[in-house]
There are 2 protein chains.
Amino acid sequence: MARKKNSSADVTGPRIRSAALRLFARHGYAAVSMRQIASEVGVQAGTLYLYTPDKQSLLFDLMQNHMQDLLSELAALPDVQSPLAELQQFTRFHIRFHRARSDAVFIAYMELRNLEPKNFERIEAMRRQYEAHLEGILARGKAERLFDLPDTKLAAFALIAMLTGVNTWFREGGRLSLDAVEEIYWRMVKKAVGG
Amino acid sequence: MARKKNSSADVTGPRIRSAALRLFARHGYAAVSMRQIASEVGVQAGTLYLYTPDKQSLLFDLMQNHMQDLLSELAALPDVQSPLAELQQFTRFHIRFHRARSDAVFIAYMELRNLEPKNFERIEAMRRQYEAHLEGILARGKAERLFDLPDTKLAAFALIAMLTGVNTWFREGGRLSLDAVEEIYWRMVKKAVGG
DNA sequence: GTCTATAGCGAGATAGAC
DNA sequence: GTCTATCTCGCTATAGAC
């Protein structure tokens, strides 16, 4: 639909969210002021309140969008046949998805404590859903005796922590390409569930 | 040495650090006020400045003490013979040490961004030293062909992330004892470096 | 060693002009 | 849709009494 006017409203909202994402990741939710966000976008502080009811909602929206993206991209992965192939697909997906969104990943983990209880519960439910997906893969592999795992829940926690850890050290243009990193991590994952 | 007076100074300092540790871990450095810390200890806000020059120094002291404890306890571990035995010892030590200090661990990771550059560099140097210790174990094991690892640096990062992850879900009195958790993680670590 | 009091500042959020 | 101006609050840090 053609627009009558050159409205900046459709671009200011996303720019606010983008600036908030970056600033929250860099300095922490509590340490970032609404004025800082506004200044980054090039508007006055009051203007932010046309796009979000308050600072808390801004944080929650960022985290909710991130988790929804995560779950919907996970669901959109092509079907594969064996638990081993599923696990490889999950491993590579997790590294790639998280690497491409390091700010959002950081926030979704660090700022959980700054969510109001109701908002916290909604984010946590999505995180549990993601973990359950991996645990399902591990449980199927265990049932088929492809994997040797005394506890699939612990194994899911352990693997997710290991894979998410890539974000703490990986830098574009460093010693290894992301492809190479994926390969090395996949080898460790495969051996760890071993197999 | 016997004390002349029943001074509370020797107890107030530690209590301030202990309250700050818990509050920073729970709500984040930026979100915690000096008034909150003082109120927790049962003194007025101004009193805190007898024990710390400012809020930033308080944070840095907590992180520095934590890292120094980590390195000195690591150094105090009894000598063992093979890289595999060393790795097992490291695995169990890491889980136990970090589990017992979950607040400090959380802070040492989350609040790095709230350190002034100079303080940041000092903490980072200690963290690299710890990582280098694990990488040394892995490199020795690789040299003896006990471990099959394409990249010992990545493997060290991956293992530390995996082990530290225990802190995000483990609860005393839950389904598994810490001993059982150590055993399950050690099995996964051993297979992952495999071996 | 701890208190009360306060200086000086910056925060989140709102009102109303344009 | 954005601005300026402002309300109200809580912050870090300090001064000085006891």
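Every chain is numbered from 1 and lettered A, B, ... according to where its sequence line falls, protein lines coming before strand lines.
Following rounding to the nearest Å, Ile37(B) (CD1) and dG10(D) (P) show an atom-to-atom distance of 17 Å. Atom CD in Gln36(B) sits about 11 Å away from atom C1' in dG10(D), given to the nearest Å. The nearest whole Å value for the distance from the OH atom in Tyr49(A) to the P atom in dA11(C) is 11 Å. Per the geometry, CE belonging to Met34(B) stands 21 Å off P belonging to dT6(C), to the nearest Å. As rounded to whole Å, 13 Å separates atom C1' of dG10(D) from atom NZ of Lys55(A). Between the CG atom of Asp54(A) and the C1' atom of dA11(C) there is a distance of 14 Å, given to the nearest Å.
Within 6.0 Å of CZ in Arg145(A) there are 12 or fewer heavy atoms belonging to other residues, nucleotides or ligands. Other residues, nucleotides and ligands place no more than 12 heavy atoms under 6.0 Å from the NZ atom of Lys153(B). Within a 6.0 Å sphere centred on CD of Gln81(B), other residues, nucleotides and ligands contribute 12 heavy atoms or fewer.
Trp186(A) is connected to Trp169(A) through a chain of hydrophobic side-chain contacts under 4.5 Å among Ile, Leu, Val, Met, Phe, Trp and Tyr, so both are in one cluster. At a threshold of 4.5 Å between side-chain heavy atoms, the hydrophobic network of Ile, Leu, Val, Met, Phe, Trp and Tyr places Tyr109(B) and Tyr29(A) in two separate groups.
Gln56(A) places a side-chain N or O within donor-acceptor distance of the main-chain N or O of Glu116(A), the cut-off being under 3.5 Å.
Checking the phosphate oxygens (OP1, OP2) of dT2(D), a side-chain nitrogen or oxygen of Thr12(A) falls inside 4.0 Å. Remark: Tyr51(A) is in phosphate contact with dT2(D), judged by side-chain N or O atoms under 4.0 Å from OP1 or OP2. Contact check, Ser33(A) against dG10(C): no side-chain N or O comes under 4.0 Å of OP1 or OP2.
Across residues 58-65 of chain A, not one residue has a non-hydrogen atom less than 4.0 Å from an atom of DNA chain C. If you check residues 24-31 of chain B against DNA chain C, you find no residue with a heavy atom closer than 4.0 Å.
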Listing, residues 37-45 of chain A side-chain donor-acceptor contacts under 3.5 Å, not counting sequence neighbours, or none:
{"unit_1": "Glu40(A)", "atom_1": "OE2", "unit_2": "Arg22(A)", "atom_2": "NH1", "d": "3.3"}
{"unit_1": "Glu40(A)", "atom_1": "OE2", "unit_2": "Arg22(A)", "atom_2": "NH2", "d": "2.4"}

Per-pair distances, 0.1 Å, donor-acceptor, side chain in residues 101-108 of chain B, under 3.5 Å, sequence neighbours excluded:
{"unit_1": "Arg101(B)", "atom_1": "NH1", "unit_2": "Phe97(B)", "atom_2": "O", "d": "3.2"}
{"unit_1": "Arg101(B)", "atom_1": "NH2", "unit_2": "Glu73(B)", "atom_2": "OE2", "d": "3.1"}

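Separation of atoms CD1 (Ile95(A)) and CG (Leu163(A)) is listed at 5.0 Å; rounding is to 0.5 Å.
For dG12(C), its base sits under 3.5 Å from the side chain of Arg35(A) at one donor and acceptor pair at least.
Within the nucleic acid shown, Val41(B) has no heavy atom closer than 4.0 Å to any nucleic acid atom.
Other members of a hydrophobic cluster containing Val80(B) are absent, since no ILVMFWY side chain comes under 4.5 Å of it, directly or through relayed contacts.
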Can you pull every protein N or O that's under 3.5 Å from an N or O on nucleotides 3-5 of chain C?
{"unit_1": "dC3(C)", "atom_1": "OP2", "unit_2": "Gln44(B)", "atom_2": "N", "d": "2.6"}
{"unit_1": "dC3(C)", "atom_1": "OP2", "unit_2": "Thr47(B)", "atom_2": "OG1", "d": "3.1"}
{"unit_1": "dT4(C)", "atom_1": "OP2", "unit_2": "Gln44(B)", "atom_2": "NE2", "d": "3.1"}

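Two rings, from Tyr130(A) and Phe90(A), have their centers less than 6.0 Å apart.
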